[in-house]
Number of protein chains: 2
Amino acid sequence: MCLTACMRTSEIFDLLRDGRARTRSELARESGLARSSVALHIDTLMSVGYVAPVGDAASTGGRRASLFALNPSARLVVGVDVGATHVIVELADLGGTGIAASRAELDVAEGPEAVLGWIAEAVRSLVAQQQRSLDDVVAVGIGLPGPVEHATGRPISPPIMPGWHRFDVAEWLRERLGCPVLVDNDVNIMALGEQRTAWPDTEDLVLVKVATGIGAGIISGGRLQRGARGTAGDLGHVRVPGSTAPCRCGNEGCLEAVAAGPAIAARLRELGVHATSTGEVVALAAQGSLEAAQVLRDAGRAIGEVLAMVVNLVNPSVIVVGGRLAGAANELHAGISEVVYRRSLPLATEHLRIAASETKGDAGVRGAVVLAIEHALSPDVLDAELLALSRPDQPVVMR
Amino acid sequence: MCLTACMRTSEIFDLLRDGRARTRSELARESGLARSSVALHIDTLMSVGYVAPVGDAASTGGRRASLFALNPSARLVVGVDVGATHVIVELADLGGTGIAASRAELDVAEGPEAVLGWIAEAVRSLVAQQQRSLDDVVAVGIGLPGPVEHATGRPISPPIMPGWHRFDVAEWLRERLGCPVLVDNDVNIMALGEQRTAWPDTEDLVLVKVATGIGAGIISGGRLQRGARGTAGDLGHVRVPGSTAPCRCGNEGCLEAVAAGPAIAARLRELGVHATSTGEVVALAAQGSLEAAQVLRDAGRAIGEVLAMVVNLVNPSVIVVGGRLAGAANELHAGISEVVYRRSLPLATEHLRIAASETKGDAGVRGAVVLAIEHALSPDVLDAELLALSRPDQPVVMR
DNA sequence: GCACTTTTGTCGACCTTTGACAGAAGTTGC
DNA sequence: GCAACTTCTGTCAAAGGTCGACAAAAGTGC
């Protein structure tokens, strides 16, 4: 049997990945194949369930053409956002639409088996609630609050995750859920979520998360930049010009020691305002505290200094500011914009936009869902699945 | 005729791109195709000249298998390195080996038509000298000393290239040389040359060029990062912590105002040492001037401060230090290493190497040649060429 | 209702891929 | 030096994918 059988099928499917409905003729034009060949592939894709007819197109003077589109409910994916003190598990369809979610206040320091155990149980129960089978779940994406070696799915020396160093998260969950598991850093995943949902036409985006820590996810040329060891985008310990504040990392003048939640709270206490946590800073800003506004604007300026370098270095078209501190405070955004536009090269800022996160606290899970979907629907994986379905007797071999 | 005719042919060719010789069986194993199919594709590739037999493999107990490899002399490419005051044009084979080169001391400020005119003439004469036809040249790569929009092949507001703004370099040369022209920033091209020749197994590399200006080329995940407008890697105007030196860009504390050639020369004059140009600084360092050593080490530290951010942000496995000032002075390298290893995160520096450029002043042309070769031998271009050759009557259509 | 337009499913022809086979080329052991 | 064995090469028919064409179906506009 010809092994290239389903090759072009995944090519056709790739065109439908954006969710838009298309006629057979449109697909033929876009793929370069003949209409008759496209029809054959569409039949294959419909028999697997990944594609479904969605009515007819308007007539252009003759018979109406039938429209086909990705069938989001064909399979399920799971997105998981693990924070320092919470875990969110969301069940979603292939279009990225959330179907059901679970949340637990769980300390990541309790260790991998406790956290991942809860996640596995949550997935099983969400799937059961929807009266679907675990076999329908084709991939799991998961974001962790620390450095992750994406290729192997293991955290590497994560500061706030004791017991997780080199733990094989991907394999542990795969054994229990029976599908591929993609692991990445939480900020990377937020960047992915933000880019795919709010900025689909932007190929170069930087997401800055400002909360108890500060980090960035960099998407360049449409691809997430992870670097050699998966630690790319670590803004928190970049030195801010003009600051000598001591940082827990041992160096001084780090951005995190100046502009992250704890540093802002400390600064407010110096001004005589009671604030001990990131949450309280957010609350003060929401109440309109003048001191909070002032300190947040200064923090924004410090972040802006560092982002100005990022702009010169990476040349993004959009910077998205996210994280708990960004949501509550326009001052942070104002401080950032002020410095970035002054300190970066004119050529790099000419078409640069600095925007607030669109997904309200949701970017992490959204990104995890995207990570899972993009793996499950990638040509390689789809080819293997189509091959397996066309020959149920043969074992699945991944090349 | 089936349009997919030569599809798999380029796949086989892709395997031979690394220059290593292989037997039909090896290619079959690596490509997943049957031996007989591979044999057919090899025949096609030999008839076009891109692949040639290179003797027999050692016997493993039976008949010796014949070896096939990329035939470097099948076609020619051109690499061009345009500097502020010089132009180098090199004719190379498909293996990237230089065949012949021309150099001119030509000021880039004389404008595009003068410089490009000289380049076109140089190419013609080099090709003629080698008794080959201009038709054998399949691609030209060219590096320019300023921001370039790679996709369109036009410089964008280049500071030291008056008259070049938005000039269609690619089209101008294509019309006169009759083959595709790839344009990029000179530092990007140096990074490409360095990575492909000296660090082929490294996917994440940053090249820093230290000369009259300072810039960086970033290769991440094996791909050159150009950013939204092609200005990525602009280190020169990143702010150095602790410096307030005024810069020609209008800001203060820029790296270029502290650590580039003119700044170093100015600093030496403050110390009573006569130095006016980058070249004189290099000469002083070569003579073992203590003042030059001291100033260069300080410059290295300043560059190290900025590179420490780059390491946190991009997480490369190798930083290559190139440019005129790097070649002459170990002190620069020492200063850089000292600060980078102290200021970057331990996780990011754990496997980080900081190396001197291996290609002695040659990285620019090497990278331009690589750019040309990788375009000319890319599957898309090769498919089109094979299709055109199999149907000489039909016009070539690029999809 | 009729002429015209457009889509759809089907079919034979063509091309690529495959696995098998016989012959060629080389090695090893006696 | 010869026989037995191993491995590679070229050829070929069968199988599968793709294509263009065609007739039937479905819809529009007058």
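So you know, we letter chains A, B, ... as the sequences are listed, proteins then strands, and number each from 1.
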| Hey, does S73(B) have a side-chain heavy atom less than 4.5 Å from the side chain of L94(B)? |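 No. Closest side-chain heavy atoms not under 4.5 Å.
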| message | Contact between L205(A) and S317(A) at the side-chain level, heavy atoms closer than 4.5 Å - yes or no? | response |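 The answer is no; the side chains never approach within 4.5 Å.
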Roughly how many Å is it from [atom1] in [X] to [atom2] in [N], rounded to a whole number?
X: L33(A); N: dC14(C); atom1: CG; atom2: P; answer: 21 Å
X: R29(B); N: dT7(D); atom1: CZ; atom2: C1'; answer: 13 Å
X: I12(A); N: dC19(D); atom1: CD1; atom2: P; answer: 9 Å
X: R8(A); N: dG17(D); atom1: CZ; atom2: C1'; answer: 9 Å
X: I42(B); N: dG10(D); atom1: CD1; atom2: C1'; answer: 15 Å
X: R35(B); N: dA20(C); atom1: CZ; atom2: P; answer: 10 Å
X: L387(B); N: dT18(D); atom1: CG; atom2: C1'; answer: 14 Å
X: R63(A); N: dT28(D); atom1: CZ; atom2: P; answer: 12 Å

| side-chain N/O S37(A) vs dC19(D) OP1/OP2, d < 4.0 Å |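 Yes, because at least one side-chain N or O of S37(A) sits under 4.0 Å from OP1 or OP2 of dC19(D).
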| Any side-chain N or O of H41(A) under 4.0 Å from OP1/OP2 of dT18(D)? |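 For H41(A), the contact criterion (side-chain N or O under 4.0 Å from OP1 or OP2 of dT18(D)) is met.
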| field | Donor-acceptor pair (no angle test) under 3.5 Å: S36(A) side chain, dG9(C) base | value |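 Donor-acceptor pair under 3.5 Å: no.
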| Does a distance-only test, which skips hydrogens and angles, find a donor-acceptor pair under 3.5 Å between the side chain of R64(A) and the base of dA26(D)? |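 There is none.
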| Cut-off 3.5 Å, side chains only: do S220(B) and Q225(A) have a donor facing an acceptor? |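 Judged by distance alone, the side chains do pair up.
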| request: Determine the contact category for S66(A): base if any of its heavy atoms lies under 4.0 Å from a base atom, sugar-phosphate if only primed atoms, P, OP1 or OP2 are that close, otherwise nothing. | output: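 Since only primed, P, OP1 and OP2 atoms lie under 4.0 Å of S66(A), the category is sugar-phosphate.
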| field | Atom CZ of R35(B): over 12 foreign heavy atoms under 6.0 Å | value |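 Check fails, neighbour count at 12 or below.
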